[in-house]
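This report concerns only the one structure given below.
Counting starts at 1 for both ligands and their atoms, following the listed order. All residue numbers in this chain count up from 1 along the given sequence.
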Amino acid sequence: MSDGVVIRAADPGDASALVELARSVGAEPGGWLLSTDDWRSAADERRYLRSLKRHPHAQVLVAESDHRVVGRLSIARDPHPASAHVADLGLMVAASHRRHGVGRALLEHAVAWALGAGVSKLELHVFPHNEAAIALYEAFGFEREGYRKAHYRRGEEYVDAILMALTIG
Ligand SMILES: CC(C)(COP(=O)(O)OP(=O)(O)OC[C@H]1O[C@@H](n2cnc3c(N)ncnc32)[C@H](O)[C@@H]1OP(=O)(O)O)[C@@H](O)C(=O)NCCC(=O)NCCS
């Protein structure tokens, strides 16, 4: 990974920077994320990050470079007891910092968190057109488990998603 990038748990004080990152990645013409311009507010983000401190079943990791948040990975364990060994994740890296290993480093830290939390399977959804993300996930060992037609509503349309998963531990 590029020198000077640090991966750490997000702090409530990161809320505004995380919202800014999500809004800017969400506004990219590639349409990588579910949300376009409706990411939660900084106040809601702060509340969520605060709640994580007393909630051992989810984590938000940030990649920081030069005191700037340049990546985010959110991971949360499935709430159903029968699939409590599964956690779902979401990932984004600032356009300015892509292809420097930040995404891979966030995934590595997510695996470490998941193992510590007793999670043995990671899953995620990715849009079929998102070649960069699919390449990263496959290089990391994720496998395609399914194709979900019109699974998400994005703006005015329903869009397909690939379900990918990785067994860990
Ligand atoms: C997908 C994303 C998170 C990748 O993050 P990143 O920090 O650029 O990824 P890395 O630098 O860690 O890449 C690791 C490997 O993944 C693959 N990869 C990543 N981006 C790629 C691209 N654009 N084309 C082909 N392969 C790619 C490569 O194998 C790469 O290794 P290499 O650079 O040694 O060839 C980033 O492009 C991003 O945030 N995109 C917008 C938001 C998004 O799509 N999030 C995922 C939603 S499911």
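Below 4.0 Å from some heavy atom of H125 lie the following atoms of ligand 1, by number and element: 48 (S). The ligand atoms of ligand 1 that sit less than 4.0 angstrom from a heavy atom of A133 are 1 (C), 46 (C). Near M92, meaning under 4.0 Å from one of its heavy atoms, ligand 1 places the atoms 39 (O). Numbered from 1 in the order shown, with element, the atoms of ligand 1 that lie under 4.0 Å from a heavy atom of V102 read 7 (O), 12 (O).
Around CD of E138, the count of heavy atoms belonging to other residues, nucleotides or ligands within 6.0 Å exceeds 12. Within 6.0 Å of atom CD in E131, 12 or fewer heavy atoms from other residues, nucleotides or ligands are found, so the atom counts as exposed in its surroundings.
By the criterion of a heavy-atom distance under 4.0 Å, the side chain of Y137, and not its backbone, is placed next to ligand 1. Residue-level proximity to ligand 1 for V25 is carried by the side chain, the only part with a heavy atom below 4.0 angstrom. Proximity of E131 to ligand 1, defined as any heavy-atom pair under 4.0 Å, is not found for any part of the residue.
Ion pairing of R23 with E45 is absent here, as no side-chain N (NZ or NE/NH1/NH2) approaches a carboxylate O to less than 4.0 Å.
Listed for the D160 side chain is a donor-acceptor partner under 3.5 Å among the backbone atoms of A150. Here the side chain of H125 pairs no donor or acceptor atom with the backbone of R148 at under 3.5 angstrom. Judged by distance alone, with hydrogens and angles left aside, the side-chain atoms of R98 form a donor-acceptor pair with the main-chain N or O of V93 at under 3.5 Å. Between the side chain of H80 and the backbone N or O of A82 there is at least one donor-acceptor pair closer than 3.5 Å.
Atom 39 (O) of ligand 1 is approached by the protein to below 4.0 angstrom, counting heavy atoms only.
Checking L166, V111, L124 one by one against L89, the side chain to side chain contact (heavy atoms under 4.5 Å, CB included) holds for a single residue, L124. For the salt bridge (Lys or Arg N to Asp or Glu O under 4.0 Å) criterion with D44, the lone passing option out of R40, R47, R46 is R47.
Close N/O approach between H100 and ligand 1 is found [any backbone or side-chain N/O within under 3.5 Å]. Looking at ligand 1, you won't find any N or O of L33 less than 3.5 Å from one of its N or O atoms.
In terms of heavy-atom proximity, G31 sits nearest to H129 at O-NE2, 3.1 Å. Smallest separation of non-hydrogen atoms from K53 and D11: NZ-OD1, 4.1 Å.
The heavy atom nearest to atom 7 (O) of ligand 1, considering only G103, A63, G31, is found in G103. Closest heavy-atom approach to atom 5 (O) of ligand 1 within the set V93, V126, I134: this belongs to V93. Looking at R72, R99, R98, E28 and measuring to atom 33 (O) of ligand 1, the nearest heavy atom belongs to R99.
Nearest protein heavy-atom contact of atom 26 (N) of ligand 1 is A135 CB, 3.4 Å. The closest protein non-hydrogen atom to atom 29 (O) of ligand 1 is A139 CB, 4.1 Å. Closest to atom 44 (O) of ligand 1, if we only count protein heavy atoms, is N130 ND2, 2.6 Å. Ranking protein heavy atoms by distance to atom 2 (C) of ligand 1, first place goes to L136 CD2, 4.4 Å. Looking from atom 23 (N) of ligand 1 to the surrounding protein, the closest heavy atom is A132 CB, 3.2 Å. Nearest protein heavy-atom neighbour of atom 34 (O) of ligand 1: R104 NH2, 4.8 Å. Closest to atom 11 (O) of ligand 1 among all protein heavy atoms lies G101 N, 2.8 Å.
With a 4.5 Å cut-off on side-chain heavy atoms, V60 and D14 do not count as touching.
Under a 4.0 Å heavy-atom criterion, L91 is in contact with ligand 1.
Distance check, rounded to the nearest 0.5 Å: CD of Q59 to CD1 of I75 gives 9.0 Å.
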